[in-house]
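Structure, as structure tokens:
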Amino acid sequence: MPSLQCALCRTRPTDLVFIIDSSRSVRPHEFEQVKVFLSQVIESLDVGPNATRVGVINYASTVKNEFSLKTHWTKASLLQAVRKIKPLSTGTMTGLAIQFAINRAFSDSEGARVRSPEINKVAIIVTDGRPQDGVKDVSARARSLGIELFAIGVGRVDKNTLRQMASEKLDDHVDYVESYSVIEKLATKFQEAFCDLSDLCASGDHDCQQICVSTPGSYTCACKEGFTLNSDGKTCSACNSESAIDLVFLIDGSKSVRPENFELMKKFINQIVDSLDVSDKNARVGLVQYSSSVRQEFPLGRYNNKKDIKAAVKRMSYMEKGTMTGLALRHLTEKSFDPSSGARPGFPKVGIVFTDGRSQDYISDAAKKAKDSGFEMFAVGVGNAVEDELREIASEPVAAHYFYTADFSTINKIAKELPTKICVEEDPCECKAIVNFQKKAEDLIKLISAVIKKLE
């Protein structure tokens, strides 16, 4: 659900547990839609040990603790864990699941924090049928312990049961949808429920790329140190338009991406291009697409302005077929950053790898070679992308160089964040100066050597 304000919304610290019904009445494709809903809510949260902690309880006739509040400290690992959840496909013991949440999920041993006004305790129950046990008393017990209960019913659910479970005010805590196909529309409600909407910056209701500065009833945009605000008043360019990097996109064009998502990927590329100061002397951009083979769309330096680059990206056709990420990484190290392809000696080299699935070939050696060559590597994964592979591709520190989202519709949020990470290990303002100094030093050494030879 792309309208979530999640990326820039500051969510209040919360211990959040999802309690999801996977009884036999929930069909496999419907359970997948529940997981999409969970992922979209998670996307909206500030996840971390001192921010929001998330756990998931899966139930049918029995209860399974999929992961606890202390298991995952990052949004990426949470999203990967949600993707792995499988339905249990038996009965519907909702009361048993709520009791499990009281006894275990919200216990200190499972990562729950001490009850306080600063920490919210929230459980979101998703069910599509009549429970085979009682929920009224156990729900009242949960509420008395300070757990705020939201009840979501789907299809032929018993609506009276939803009201017995939910906290007051019922209008705010009970939701009903006719089918699982529309459950994701509720994600907006929960983003707003967890978000501190005290100002437009906190709500994420703005277009600032880097920093939002609140003003009464409005906001202004600003940039991080080393960046300057562009004329649109929203986006930022590195280092007062003097940033000089060679940047190559390595884009997955495999069959699993699908045409509509490939178009979103092209928008992702152009969103990042908009943040750069593109010119022959400053940022150069290249583009490589891969599937079962590798195709260079255009090399570094072919286009020296944003307009031409964005037009070339829009013209890119979809390859389909397999996912040979290792082959693509070898192409990057051996060809894309070679001077014959427009790369400039002494300039920072940045690679952005975008993939939506597991590689069909070996990536370790090629990923290591890219990093050993001094290339700063970013890994962006969507959907079925494998976290271990993303981490293997990403430069150190890994947490700052890899990104994951469950759905293509939310990659624009990564495109806002990623440019701020590029060339952060050294002051981007110094890149050009270092190259100029190096050239002058080499010229001086040659001059001194010539003088010495004459004296001899």
Looking at side-chain heavy atoms only, is the closest gap between [X] and [Y] below 4.5 Å?
X    : Y    : result
I152 : F190 : yes
I125 : I98  : yes
I245 : E376 : no
Y290 : L332 : no
F106 : I147 : yes
F100 : I19  : no
V122 : F150 : yes
V273 : Y303 : no

Nearest heavy atoms of [X] and [Y], plus distance in Å:
X    : Y    : result
Y402 : E387 : OH-OE2, 2.7 Å
K310 : D274 : NZ-OD1, 2.9 Å
M316 : L287 : SD-CD2, 3.6 Å
V138 : Q99  : CG2-OE1, 3.2 Å
F378 : A400 : CE2-O, 3.7 Å
V288 : S336 : CG2-OG, 3.6 Å

Hey, is the main chain of [Y] close enough, under 3.5 Å, to the side chain of [X] for a donor-acceptor pair?
X    : Y    : answer
K306 : L276 : yes
D128 : G155 : no
K75  : D46  : no
N65  : A105 : no
S292 : G322 : yes
E320 : P259 : no
R53  : P49  : yes
H401 : P397 : yes
D15  : A112 : no
S291 : M319 : no

Restricting to side chain to side chain donor-acceptor pair (under 3.5 Å), what partner residues turn up for [X], sequence neighbours left out?
X    : result
T161 : D158
N384 : R83
S89  : none

For the cysteine pair C212/C221, does the gap between the two SG atoms stay under 2.5 Å?
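No - the two cysteines, C221 and C212, have SG atoms at least 2.5 Å from each other.
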Which value, rounded to the nearest 0.5 Å, describes the distance between [X] atom [atom1] and [Y] atom [atom2]?
X    : Y    : atom1 : atom2 : value
N50  : R113 : CG    : CZ    : 7.5 Å
S61  : L88  : OG    : CG    : 9.0 Å
K136 : R163 : NZ    : CZ    : 12.0 Å
E43  : L79  : CD    : CG    : 5.0 Å
L69  : T71  : CG    : OG1   : 8.0 Å
M377 : I393 : CE    : CD1   : 7.0 Å

With no hydrogens and no angle check, do the side chains of R295 and S317 hold a donor and an acceptor under 3.5 Å apart?
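Yes - a donor-acceptor pair under 3.5 Å links their side chains.
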No-hydrogen, no-angle side-chain donor-acceptor test under 3.5 Å, S364 and E392:
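There is such a pair (donor and acceptor under 3.5 Å, judged by atom type) between the side chains of S364 and E392.
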Would you call K267 and E263 a salt bridge, taking side-chain N to carboxylate O under 4.0 Å as the test?
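Salt bridge flag = no for E263 with K267.
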Partner set under salt bridge (Lys or Arg N to Asp or Glu O under 4.0 Å) for E389, not counting sequence neighbours
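For E389 there are no salt bridge (Lys or Arg N to Asp or Glu O under 4.0 Å) partners, ignoring immediate neighbours.
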Hits for salt bridge (Lys or Arg N to Asp or Glu O under 4.0 Å) against R284, two or more places apart or cross-chain, chain-then-number order -> D280
Enumerate the salt bridge (Lys or Arg N to Asp or Glu O under 4.0 Å) contacts for residues 246-256, please, sequence neighbours excluded, ordered by first and then second residue.
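Matches after skipping sequence neighbours: D246-R344, D246-K349.
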Residues in ring pair (Phe, Tyr, Trp, His ring centres under 6.0 Å) contact with [X], at least two apart in sequence or another chain:
X    : value
F262 : Y318
F67  : H72
F375 : F337
F354 : F268

Cation over ring face, K159 and Y176, 6.0 Å, 45°
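Ring-cation test returns yes.
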Please list all pairs meeting side chain to side chain donor-acceptor pair (under 3.5 Å) that have one or both residues in residues 164-174, counting only residues at least two apart or in different chains.
E148-H173
Give the C-alpha distance, both sets of side-chain angles, the deciding distance and a yes or no for side-chain contact (heavy atoms from CB on, under 4.5 Å) between V17 and E110.
CA-CA 11 Å; V17 175; E110 293 299 310; over 6 Å; no
Quick one, V380 with I411, criterion side-chain contact (heavy atoms from CB on, under 4.5 Å). Give me CA distance, side-chain angles, the key distance, then yes/no.
CA-CA 9 Å; V380 180; I411 60 175; 5.6 Å; no
Could you check [options] and say which one makes a side chain to side chain contact (heavy atoms under 4.5 Å, CB included) with [X]?
X    : options                : answer
V126 : D21, I183, V26         : I183
V285 : V313, I309, I272, V248 : I309
S39  : T405, L78, V82         : V82

Which residues share a side chain to side chain contact (heavy atoms under 4.5 Å, CB included) with T74, sequence neighbours left out
A76, S77
More than 12 heavy atoms of other residues, nucleotides or ligands under 6.0 Å from CD of Q132: yes or no?
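More than 12 heavy atoms, drawn from other residues, nucleotides or ligands, come within 6.0 Å of this atom.
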Counting only heavy atoms not in K70, do more than 12 fall under 6.0 Å of its NZ?
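Enclosed: over 12 neighbouring heavy atoms sit under 6.0 Å from NZ of K70.
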Between T94 and T92, is the side-chain contact (heavy atoms from CB on, under 4.5 Å) condition met? List the steps.
CA-CA 6 Å; T94 309; T92 311; 3.6 Å; yes
